[in-house]
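Numbered from 1 within each chain, the chains take letters A, B, ... in sequence-line order.
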Protein chains: 2
Amino acid sequence: MRDGKVAGSSAADVGEPQGESDFGAGAVLGLERCAGVEADPSGAPCPFVTAQQLLQGKWSILVLHHLADGPLRFNQLRRRLPQLTAATLTSQLRYLEGHGMVRRQIFPEVPPRVEYSLTDLGESFKPVLDQIQAWGARYLERRQSAEADDGRG
Amino acid sequence: MRDGKVAGSSAADVGEPQGESDFGAGAVLGLERCAGVEADPSGAPCPFVTAQQLLQGKWSILVLHHLADGPLRFNQLRRRLPQLTAATLTSQLRYLEGHGMVRRQIFPEVPPRVEYSLTDLGESFKPVLDQIQAWGARYLERRQSAEADDGRG
DNA sequence: CAGAATCCGTGAAGATACTG
DNA sequence: CAGTATCTTCACGGATTCTG
């Protein structure tokens with residue numbers, strides 16, 4: 001659904017760069033019961049399912065990563081993710097915003113300006129990004145080794 | 001493609017629970033150039049793109065998480081992920097195996113038995129899972145707070 | 001500059017039935 | 001038990017067009 005019409009729901013539409021009311025918009029991840037994870041039979045939702053739903057997308061990690069460097073404007077993000085079209089970027093941004101990961105600040109200037117930044121919850125995602133980067137590097141190293149050792153049947 | 005016919009390609013088909021040749025099967029993530037990430041203009045592939053491609057799926061994280069607890073048989077995994085059909089699980093497993101994350105050991109016993117476990121590379125993913133869990137928990141906490149504070153518009 | 005609306009292609013995931 | 005094969009669906013993401 002995140003692709004359809006949302007029509008300016010949250011308070012970020014008023015036109016002032018406030019910084020609160022990031023969360024609690026009602027749009028939360030569809031937290032299933034972890035599909036039977038044994039780690040927490042108390043009935044609590046599974047963090048992994050939660051994370052999976054957020055990271056499911058093709059760009060979520062990338063967007064969050066770029067935003068982790070600091071606030072960015074719409075087209076700045078586009079520049080960093082050339083393969084991402086405006087429509088998709090908007091969807092991703094709205095999705096992340098709806099989940100309290102990203103904050104949207106509108107500056108009512110003459111040239112319209114909108115800045116995206118990580119919320120507190122989004123900031124808390126940084127360690128994940130950090131580990132992901134570390135793992136990715138390891139993966140790439142392994143790949144190098146595999147290439148160097150390629151053809152040894 | 002990971003959904004189509006693979007017809008026993010890797011060496012894990014021979015019938016003995018060996019433990020090498022996990023990697024280097026040739027099937028590696030399509031490492032793009034990070035879509036213009038400024039963090040590494042040297043031309044190296046982006047770890048985030050790599051990770052994103054692996055985590056793209058709907059179940060990858062869950063499967064890896066369960067496997068992180070220790071080796072599991074096919075139906076053990078199915079039991080832990082009831083919503084996952086056999087076909088999809090097979091695809092996921094093959095996908096992860098092809099990327100060197102998961103090892104498949106076939107025990108040529110009378111009741112057919114196959115065990116899945118994390119490879120060394122898969123083990124190296126554990127920190128990511130750990131951080132994901134930590135973040136997920138934080139997200140859920142935030143959600144609780146938001147619910148408790150709901151309606152304050 | 002920033003975003004909305006719409007249509008469309010792809011492919012991952014699900015259901016079902018069959019195999020060894 | 002541990003898959004495999006096929007069909008179908010549908011959400012994701014892309015291209016295009018239009019607005020303020």
Could you check how far [atom1] of [X] sits from [atom2] of [N], rounded to whole Å?
| X | N | atom1 | atom2 | value |
| --- | --- | --- | --- | --- |
| Arg79(A) | dC1(C) | CZ | P | 7 Å |
| Leu93(B) | dT4(D) | CG | C1' | 14 Å |
| Phe107(B) | dA2(D) | CZ | C1' | 14 Å |
| Lys58(B) | dC12(D) | NZ | C1' | 12 Å |
| Arg104(A) | dA4(C) | CZ | P | 7 Å |
| Arg78(B) | dA13(C) | CZ | C1' | 14 Å |
| Asn75(B) | dA2(D) | CG | P | 5 Å |
| Gln76(B) | dG3(D) | CD | P | 12 Å |

Any [X] side-chain N or O less than 4.0 Å from OP1/OP2 of [N]:
| X | N | value |
| --- | --- | --- |
| Arg73(B) | dA2(D) | yes |
| Tyr116(B) | dG3(D) | yes |
| Gln92(A) | dG13(D) | yes |

(request) Could you please name the option among dA4(C), dA2(C), dA2(D) that lies closest to any side-chain atom of Thr90(A)? (result)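 So the nucleotide nearest the side chain must be dA4(C).
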(message) Side chain of Ala87(B), heavy atoms from C-beta onward: which of dA13(C), dG20(D), dT16(C) has the nearest atom to it?
(response)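 So the side chain of Ala87(B) is nearest to dT16(C).
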(request) Tell me what Leu84(A) touches on the nucleic acid: a base, only sugar-phosphate, or nothing, going by heavy atoms under 4.0 Å. (result)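 Touches sugar-phosphate only.
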(message) So Pro111(A), base contact, sugar-phosphate only, or nothing? Heavy-atom distance under 4.0 Å.
(response)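 Contact class for Pro111(A): none.
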(message) Which residue in the set Leu62(A), Leu67(A), Leu72(A), Asn75(A) passes side chain to side chain contact (heavy atoms under 4.5 Å, CB included) when paired with Arg80(A)?
(response)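 Only match with Arg80(A) under side chain to side chain contact (heavy atoms under 4.5 Å, CB included): Leu72(A).
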(request) Output yes when Glu123(B) and Lys126(B) qualify as a salt bridge under the 4.0 Å nitrogen-oxygen rule, no when they do not. (result)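 Lys126(B) and Glu123(B): salt-bridged.
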(message) Check this for me: does any side-chain nitrogen of one of Asp120(B) and Arg103(B) sit under 4.0 Å from a carboxylate oxygen of the other?
(response)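 Answer for the salt bridge query: no.
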(request) Kindly indicate whether a cation-pi arrangement holds for Arg104(B) with Tyr116(B), taking the cut-offs as under 6.0 Å to the six-membered ring centre and within 45° of the axis. (result)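 No, cation not above the ring by the 6.0 Å, 45° rule.
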(request) Before giving the answer on side chain to side chain contact (heavy atoms under 4.5 Å, CB included), spell out for Val128(B) and Ile61(B) the whole-Å C-alpha distance, their side-chain angles and the decisive distance to 0.1 Å. (result) CA-CA 10 Å; Val128(B) 181; Ile61(B) 291 182; over 6 Å; no
(message) Heavy-atom nearest nucleotide on DNA chain C for Thr88(B) versus Glu115(A): which residue maps closer to 5'?
(response)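 It is Glu115(A), whose closest nucleotide lies nearer the 5' terminus.
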